[in-house]
Structures are given as structure tokens and as C-alpha cells.
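Each remark here refers to the structure printed beneath this line.
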Amino acid sequence: MTGSIILIGPMGSGKSTIGRLLAARLRLPYVDSDALIVHHTGVDIPTIFEIEGESGFRERERKIIADLSTWSEPMVLATGGGAILDPANRHHLRQMGQVIHLDISVDEQLRRIRHDRNRPLLQNTDLDCRLKTLAEQRNTLYRETAHWRVVGDGLRSDQVLRRILRHL
Ligand code: SKM
């Protein structure tokens with residue numbers, strides 16, 4: 001373990017917001033794997049999905065996470081919602097430090113991301129049904145990958161942050 005803190009969880013669980021707050025509090029660099037992919041490609045995530053498909057995006061995500069896992073300095077890393085789908089990512093993330101699952105219910109997710117157009121996996125679908133399917137496919141993987149979890153339903157970011165800090 002390099003002592004990093006890694007946040008995993010579904011879209012809308014607050015990984016980026018909490019990650020930034022946590023990094024500032026712990027005086028660690030904040031890294032966001034989605035943002036790195038956008039930075040490297042120069043286009044947004046929906047465009048990457050359009051041009052390369054989900055598999056192209058996953059390949060980029062796998063490379064970024066493998067690369068981050070070789071850094072010797074600790075960081076706070078916010079991952080993409082589907083990063084845990086790949087076994088190599090799950091292995092690398094656990095090697096890097098403490099993996100925290102930011103868990104939220106589908107209802108809470110719906111409230112938070114209903115109007116977000118920057119999420120290609122949620123476009124043109126029945127959002128409620130799509131989120132339930134993703135949760136069914138992924139919840140076990142989040143739980144198996146994380147060292148521990150925080151349930152964020154009904155909590156503000158500062159409250160989630162306090163729970164994490166108490167646990168570290
Ligand atoms: O990584 C991005 C991308 O839109 C895919 C994704 C997912 O599979 O849940 C979540 C986002 O963070």
C-alpha cells in the first residue's frame with residue numbers, strides 16, 4: 001500500500017466532490033481518473049464513447065489506473081463509476097491504499113443526476129431502470145473491492161467527509 005485513498009462508487013455518489021475536500025484536508029494531491037482521460041484525449045467523455053465505444057473508454061481507463069498505481073506518492077483518487085468492472089483495475093486500486101465505497105441508493109442517485117448530460121451511459125434511456133440495472137451489476141464489485149463503505153443517502157458532502165476522516 002502506498003497510503004493513497006481511493007474513492008469508488010456509482011455516478012452521483014460524490015466521488016469528485018468528496019475527493020477534492022479530502023485531498024485538501026489531508027494535504028494530498030487530488031486525482032480524478034475521468035478528468036485525466038478527458039485531459040489526455042482533449043474531448044469530453046460522451047465524445048470518447050461516441051468515437052471509440054465503451055470498450056475504447058475502458059481501455060483508456062485501464063491504462064490510466066495501471067499508470068497511477070505505479071506512482072510512489074500517495075494521492076486521493078476519484079475513479080469513474082465503472083472502473084471496478086475490470087479485474088486489473090480492482091487489483092491495482094486495492095494495492096494503492098484504502099479503497100472507500102461511496103454508496104448511495106438508486107433513489108438518491110436519481111435525485112442527484114437526473115439532469116446531467118455528461119454521462120453517456122445514461123442517455124436516451126429510462127433512467128430509473130438503467131440505474132437499477134447498473135446497481136445490480138456493480139454493487140457486489142464495489143463491496144468486494146472496497147476496504148469499507150460510507151452510505152451517503154441524505155448526507156451533505158461535509159457530513160460524508162467527517163465520517164471518512166473519523167474512519168481513517
Ligand atoms: O467514467 C465515467 C463514464 O461515464 C462511465 C461511468 C460508468 O460506467 O458508470 C461513469 C463515469 O464516471
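In each ligand, atom 1 is the first atom listed, and ligand 1 is the first ligand listed. Model, not experiment: these values are computed from the prediction.
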Does the side chain to side chain contact (heavy atoms under 4.5 Å, CB included) test come out yes or no for Ile65 and Leu93, once each step is laid out?
CA-CA 8 Å; Ile65 289 176; Leu93 296 174; 3.9 Å; yes
Looking only at distances, can you tell me whether any N or O atom of Thr79, backbone or side chain, sits closer than 3.5 Å to an N or O atom of ligand 1?
no
Measure the distance from atom 1 (O) of ligand 1 to every protein heavy atom, then report the residue, atom name and distance (to 0.1 Å) of the closest one.
Asp34 OD1, 2.7 Å
Between Arg111 and Asp107, does any NZ, NE, NH1 or NH2 come within less than 4.0 Å of an OD or OE carboxylate oxygen?
no
For a 4.5 angstrom cut-off between non-hydrogen side-chain atoms, does Pro10 reach Gln109?
yes
Ligand-side contact atoms (ligand 1) for residue partner Met11, heavy atom cut-off under 4.0 Å
7 (C), 9 (O), 10 (C)
Consider side chain to side chain contact (heavy atoms under 4.5 Å, CB included). Of Leu28, Val160, Ile164, which one does Leu22 pass it with?
Ile164
Nearest to atom 9 (O) of ligand 1, what protein heavy atom do you find, and at what distance?
Arg138 NH1, 2.6 Å
Neighbour count >12 (heavy atoms, 6.0 Å) for atom CZ, Arg143:
yes
Provide the number and element of each atom of ligand 1 under 4.0 Å from a heavy atom of Gly80.
1 (O), 12 (O)
Less than 6.0 Å separating the ring centroids of Trp148 and His101?
no
So which heavy atom in the protein is nearest atom 10 (C) of ligand 1, and how far is it from that ligand atom?
Gly81 N, 3.3 Å
Just going by heavy-atom distances, which of Arg60, Glu54, Arg58 is nearest to atom 5 (C) of ligand 1?
Arg58
